[in-house]
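Just below is one structure, and these are the notes that go with it.
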There are 2 protein chains.
Amino acid sequence: MQRSKTANQILKAAEALFSEQGFSETTMRQITAAADVNLAAVNYHFGSKQGLIQAVSEKYLTPFCDYIDDAVTERLSSQSGVTVTSDELMEMVMRALLEVRHDNTHALSMFMRLLDLSYMKSQSVLREYMFLQHHVKLERFLELLRNDSSPMEDDEFFWRLHFLMGSMVFTLSNFHTLIAIEKSEFDKEVEIEKVLHRMIPVLTAGLQARSDKTFFCRL
Amino acid sequence: MQRSKTANQILKAAEALFSEQGFSETTMRQITAAADVNLAAVNYHFGSKQGLIQAVSEKYLTPFCDYIDDAVTERLSSQSGVTVTSDELMEMVMRALLEVRHDNTHALSMFMRLLDLSYMKSQSVLREYMFLQHHVKLERFLELLRNDSSPMEDDEFFWRLHFLMGSMVFTLSNFHTLIAIEKSEFDKEVEIEKVLHRMIPVLTAGLQARSDKTFFCRL
DNA sequence: ATATTTTTTATATAGATGTTTTAAACAAGA
DNA sequence: TCTTGTTTAAAACATCTATATAAAAAATAT
């Protein structure tokens, strides 16, 4: 979608502020001041603050899902074998994340914060807006992922997916803070690509772990 | 700490609202209305809204850390062998989470949301308040955990810990939403103990996964 | 019982919030 | 030139925000 210069300035400023402060903590006046546009511009272009939030979600979620779906298509066409390792699949996710980021440093943190927000009880509208539209694009990916996971029930797979999602959402939405802590504790500051790379074996291991059938009572 | 009846009503109401809506989305008027106390009561008993947030953090973080430390002590005394499996250690965490919950359904979600909040850039005061005090209590636990993890550098362990933390924080702070989704998709509603139990093998697998040394570029 | 302290109440304050309005300007196309 | 879509400016909107104050009430002490 082609957007006006003002609308893009608003989006850029909003992303940075959202990623640093969160959504409800960020005010329209902060956004328009940072974007150097008039206060009324947000309501003009996006209808409301919630409309702006939905706009940024659309801006990142669609390319993200498309990238993954494209990667799946390419992978399946290059080789007839239907087994794709979860390592490969996770790498697709990480590449997709880096891709949607573009040059914007704050984009990834905001994207993940948005995912987090969508799971809030009060944000069912946003959640349905985000998922019901893009869920289809990820179906093949999820099926491949499941094929290389430990055998389990549907709902167990559901929960494991959200365990992994939690790792990504938490780590990336709080990335700046974590980098700062790492800096102060280990005097080392690692780039985001490295962190994403480090997540891959952890996440795949989580998927392939044998589910423990023993009952949760060893008192 | 012995608390007045009013203060306890406030805490209980605040926990429920915080867990459902988040912190800045919850107003003093909502809290005091739900607690059926006067608006000024929060400022009287806790000084400010931030003071109330710190009070709930203190209320849950201290017992949580104590429980884990006690469990470590008991485990080390019962057997001279110094190797404790990460499965056992993770189970300690899950038990500690269930313990601090008490009868309050929302307590766990709020506790996890608090942990999430503490990693926000603007909440460095809360973060230091929460961690610098309780970090010591978890030292032995973390050392044992590291002993049963895949060999890795200090900063890699740091990141992996936060990957796992993310799983817990995300899953539990959004527990009510996830339960609702599970209900609608699988017509199944699993209790929190089961979910915590399902996390154990996933988390330990993440810690024991062999770190991938290959460079992140297979283009 | 009286004095003192603690707690609760009702009300006020000062400011921030998202949103709307009115006005005027600007650009581009028909 | 008339029209249409943008953008700015400034102000006002109604509502909500956390917090402060001061009097009333209750509890506790002497």
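A quick note: this is a predicted structure, and the numbers were derived from the prediction, not measured. Each chain gets a letter, A, B and so on, in the order its sequence line appears, and its residues count up from 1. Excluded from the calculations below are hydrogen atoms, water molecules and symmetry mates; all remaining heavy atoms, backbone and side chain alike, are included.
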Backbone N/O of B/Met152 and side chain of B/Arg146: donor-acceptor pair under 3.5 Å: yes

Between C1' of D/dT17 and CD of B/Gln50, the distance in whole Å: 15 Å

Any donor-acceptor pair under 3.5 Å from B/Glu182 side chain to B/Val190 backbone: yes

Nucleotide of C/dA12, C/dT8, D/dT7 approaching B/Arg29 most closely (side-chain heavy atoms): C/dA12

Pairwise 5' ranking along DNA chain C for B/Lys5 and A/Lys49, keeping only the more 5' one: B/Lys5

Straight-line distance of A/Ile10 CD1 to A/Ser4 OG, nearest 0.5 Å: 7.0 Å

Matching residue for B/Phe186 among B/Lys188, B/Glu189, B/Lys183 - test: side-chain contact (heavy atoms from CB on, under 4.5 Å): B/Lys188

Donor-acceptor under 3.5 Å (A/His134 side chain, A/Met130 main chain): yes

Sugar-phosphate, base or nothing in reach of B/Ser24, heavy atoms under 4.0 Å: nothing

Residue-phosphate contact under 4.0 Å: B/Thr27 side-chain N/O, D/dT17 OP1/OP2: yes

N or O in side chain of A/Ser4 less than 4.0 angstrom from D/dT7 OP1/OP2: yes

Aromatic ring pairing B/Phe23/B/Phe18, orientation class (parallel under 30°, perpendicular over 60°, tilted between): tilted

Whether A/His176 and A/His106 hold their rings parallel, tilted or perpendicular, with breakpoints at 30° and 60°: parallel

Neighbours of DNA chain D within residues 30-47 of chain B, by heavy-atom distance under 4.0 Å: B/Leu39, B/Ala40, B/Asn43

More than 12 heavy atoms of other groups within 6.0 Å of B/Glu143 CD: no

Length of the CD1-C1' vector between A/Ile10 and D/dT8, whole Å: 12 Å

Dot-bracket line, read 5' to 3' along DNA chain D, where crossing pairs take [ ] and | marks a partner on another strand, Watson-Crick or G-U under 3.5 Å: |||||||.||||.||||||||||.||||||

Gap between atoms CD and C1', on A/Glu25 and C/dG18 respectively (whole Å): 15 Å

A/Met28 CE - C/dT17 C1' separation (whole Å): 10 Å

Main-chain N/O of B/Ser109 paired with B/Arg101 side-chain donor or acceptor, under 3.5 Å: no

